[in-house]
Structure formats: structure tokens, C-alpha cells
Amino acid sequence: MSEPYDVLVIGGGPAGLSAALNLGRSLVDVLVVDADRPRNAATVFSHGFLTRDGVPPSELRKLAREEVSAYSTVEVRTRQRVFSLRRDDRDVFVAEIGRSQATETVQARAVLLATGLRETLPPVPDLLGFYGVTLFSCAACDGWELRGQPLALFGQSDDLADRARLISRWSDDLTVFTHGAEVIDAVAEAELATLGVTVERELIADLVGEKGRLESVRLVDGRVIAASGGFTRPHWTLDLSFLFGIDPERDVEGHLITDGSGRTSIPGLYAAGDATAPGPQQLIVAAGTGARAAAVMVHDTIGVTTTH
């Protein structure tokens, strides 16, 4: 078995690649393993990332990989995954990585979990056909492009009323569709009504539009409600099934709890990005957590506590 890497980064999104960039600049020997299945794969444009506002997410990842690969101490493996991760009796992390038909075992002194999250969309007919074009999950990311338009919010989660309050900032014509789920009570509905937000509990028959551009929502009872775009509240899950004998602390939603600097409850195991509490983040925020975790990993290695 080869010598251990200083750091194994699991995940090649903005958090993982930002961490790898900063670790590489600190002369840290890094291996990045990226399954190349980003949560924002359906999104045409990403927003809110300074100097890259409006760039396609795929282009942002391409640019990031090129920058990271310029550092000789950083190795990036794409379209590979981590099948297992454990610690041996020397407290070294041992991982089986690769593809299903070709795997290898690598070692690392520290690990950064930047796996992101898996998302499941609400069971609304045809929703996937509009997702990433005129329907989105992040209001801060895509609200500007939809401002002033008649919007829809689809979801079946307990925080749906709060999301509606947020989205009403960009439109005074918002309809919340629960698709039969009783997740907004009468009190919350009355509060939303004062903001001009309508709650619709009827089942949805289908979404109307072409080439990803939403026009209206057709309900089972025959009514048609205009909407030229909007948002959905997916269900997010964190998959750490590859961890063996390693059980970092999580919050009630399943996200990894860190100390604010990326340290988990397991020594040598760090986390950044969407996988950490409180969950999904803007790309630029995720990148920032990756950079912060990288700095802390370097500091921890040599036992210093300086802020830079």
C-alpha cells in the first residue's frame, strides 16, 4: 500500500475543490475523489458567486478543477467514489475508492467530507421537466430572475410556510401548492394571506409549459393557476453509508455537526459544504466553508491556533 496522503477530500463540489485549492497552496498532499454527480446538475445557471454570477455550474466546476490541478500536490479523481472508509489501529484513514469494477485502497491522515446531499423532489407531476430552468430550490440563488412574476412554491415539508414568506420578497403573486399534504395550518395560512400569498391544497394534475418554461399549474379539480416560474422544497438526505466504524455526530436532520471550523466529533475527520448543518448552502458559502476547513486542517497538523 502506498504512503498515506495528508488529506483525502471526498466530494468535488465548491466546498471540496475550494478546500483542495487552499490545501494545495499550503503544500499539503491531497487526493480529491469526486463521483461527479452534483446536486445542481439540472441547473442551467448559478448565481451569487462573486466574479462568476450567471455561469453554468458545470463551467464553474471545470474552472475550479483546472485551477486545483495546477498544484502538484493535489490529485483529482473524477467519476470515482469512496466505497468504504475506516480507521486502522494507527488512526490512519483507509479508503476503498474507484469504480465498481476497478477499486484500490488508499490511506490518509485526515479526511474532509464534502459529499453534498442527495435531493428528492416532491411528488408533483412533471416537476422534474421544469426543474433547473424555471423552477428552483434556492430563493437567494434564483429569486432575482423571477422577480415580479406570478410564482409557485411546491412542497410538503413543515417549513413550507417559512419558505413562502421568504419567496414573497420577490413576488406579490405567489401560490403555495402542498399537493394534498397538510403542512400549513390555519394560523400560518392567515399570516401568509396578509402577504398576498395563497395556499392551495388541491392535488396537482400536471404542470403546463414547454421546454422547461412553466406557464401554469393544472389542478385535479380542473382549475388552472398561472405561474411563470417558482420554487420547490426538496427532501435532502446525507449518504454516509460508506463509513465503517466511524460515526460523526449529526443534527436532527442528519447533517454533520461541526465546531464552525469544519471539525466533526471524530478526530481527523472534517466536513464542509451542504453536508454540514444547517444543510444546503449557496455555492459561494459552501466554497467558503471548504476554505475555512482547509486552513484549520493545516493549523491542526502543526498545532497552531492563529487565525490565518
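When all heavy atoms of V32 and G11 are compared, the closest pair comes out as CG1-O, 3.9 Å. For G48 against I284, the heavy-atom pair with the smallest separation is O-CG2, 3.6 Å. Between A294 and N22, the shortest heavy-atom contact is CB-CB, 3.8 Å. Shown here for R263 and D259, the closest heavy-atom pair between the two residues is NH1-OD2, 2.7 Å. What you find for I10 and L85 is that their closest heavy atoms are CD1-CD2, 4.2 Å. Minimum heavy-atom separation, T232 to P234: O-CD, 3.2 Å.
Not one N or O on the side chain of D142 forms a donor-acceptor pair closer than 3.5 Å with the backbone of F136. Between the side chain of S18 and the backbone N or O of A287, at least one donor-acceptor pair lies under 3.5 Å. One N or O on the side chain of Q149 and one on the backbone of E145 form a donor-acceptor pair closer than 3.5 Å. Under the 3.5 Å distance criterion, the side-chain polar atoms of D6 are matched with a main-chain donor or acceptor of D29. Within the 3.5 Å criterion, the main-chain N or O of E249 finds a donor-acceptor partner in the side chain of S265. With hydrogens and angles disregarded, a donor-acceptor distance shorter than 3.5 Å links the side chain of S46 to the backbone of V55.
Residues Q281 and T289 are in side-chain contact: their nearest non-hydrogen atoms beyond the backbone lie under 4.5 Å apart. Side-chain atoms of Y131 and E119, non-hydrogen and from C-beta on, do get closer than 4.5 Å to each other. Between W170 and L174, every side-chain heavy-atom pair lies at or beyond the 4.5 Å cut-off. Counting heavy atoms from C-beta outward, Q282 and C141 have side chains that approach closer than 4.5 Å. Between F154 and V217, some side-chain heavy-atom pair lies under the 4.5 Å cut-off. Using a 4.5 Å heavy-atom cutoff, the side chains of E191 and R165 are in contact. Inter-residue side-chain proximity for L60 and F49 is flagged as met; some heavy-atom pair is nearer than 4.5 Å. With contacts defined as side-chain heavy-atom distances shorter than 4.5 Å, the pair I266/P248 qualifies.
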Self-check item: side chain to side chain contact (heavy atoms under 4.5 Å, CB included) between L31 and I97, worked out
Solution: CA-CA 11 Å; L31 173 63; I97 69 169; 3.9 Å; yes
Self-check item: Chi angles and distances behind the salt bridge (charged side-chain N to carboxylate O under 4.0 Å, His left out) call for E59, R52
Solution: CA-CA 10 Å; E59 179 67 12; R52 292 294 183 268; over 6 Å; no
Exercise. Go through the steps to decide whether R292 and S261 satisfy the test side chain to side chain contact (heavy atoms under 4.5 Å, CB included), and finish with yes or no.
Key: CA-CA 6 Å; R292 176 60 178 163; S261 294; 3.4 Å; yes
Quiz prompt | side chain to side chain contact (heavy atoms under 4.5 Å, CB included) between L207 and R218, intermediate numbers included | solution = CA-CA 6 Å; L207 304 185; R218 181 179 291 115; over 6 Å; no
Quiz prompt | Working for side chain to side chain contact (heavy atoms under 4.5 Å, CB included), residues Q80 and T103 | solution = CA-CA 9 Å; Q80 295 192 24; T103 64; over 6 Å; no
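Heavy atoms of other residues, nucleotides or ligands lying less than 6.0 angstrom from CG of D172 number 12 at most. For CZ of F45, the number of neighbouring non-hydrogen atoms (other residues, nucleotides, ligands) closer than 6.0 Å is 12 at most. For R25, the CZ atom is loosely surrounded, since the number of other residues' heavy atoms within 6.0 Å does not exceed 12. Around CD of E66, the count of heavy atoms belonging to other residues, nucleotides or ligands within 6.0 Å exceeds 12.
Between D36 and the choices K62, R81, R65, the salt bridge (Lys or Arg N to Asp or Glu O under 4.0 Å) rule is met once, by R65. The side chain to side chain contact (heavy atoms under 4.5 Å, CB included) test with F177 is passed by exactly one of V124, L219, L153: L219. A side-chain hydrogen bond (donor to acceptor under 3.5 Å, both in side chains) with Y270 is found for exactly one of D300, T258, T276, namely D300.
Here the NZ-CZ distance, from K211 to F130, works out to 13.0 Å after rounding to the nearest 0.5 Å. The CG atom of L240 lies 5.0 Å from the CG atom of L243; values are rounded to the nearest 0.5 Å. Here M297 contributes atom CE and L269 contributes atom CG; the two are 8.5 Å apart, rounded to the nearest 0.5 Å. Here CZ of F242 is found 9.5 Å from OG of S84. Values are rounded to the nearest 0.5 Å. With values rounded to the nearest 0.5 angstrom, R163 atom CZ is found 7.5 Å from S137 atom OG.
No path of Ile, Leu, Val, Met, Phe, Trp and Tyr side chains, each step under 4.5 Å between heavy atoms, connects V298 with L8, placing them in separate hydrophobic clusters. With hydrophobic clusters built from ILVMFWY side chains whose heavy atoms lie under 4.5 angstrom apart, Y5 shares a cluster with V111. I225 and L135 fall within the same hydrophobic cluster, defined by Ile, Leu, Val, Met, Phe, Trp and Tyr side-chain heavy atoms under 4.5 Å apart, directly or through other members.
E96 and T105 are not linked by any side-chain donor-acceptor pair at a separation below 3.5 angstrom, with hydrogens and angles left out of the test. No side-chain donor-acceptor contact under 3.5 Å links S171 and D173.
For R201 and E189, the salt-bridge test passes: some basic side-chain N is under 4.0 Å from an acidic carboxylate O. Salt bridge D34/R77: absent, no basic N to carboxylate O contact under 4.0 Å.
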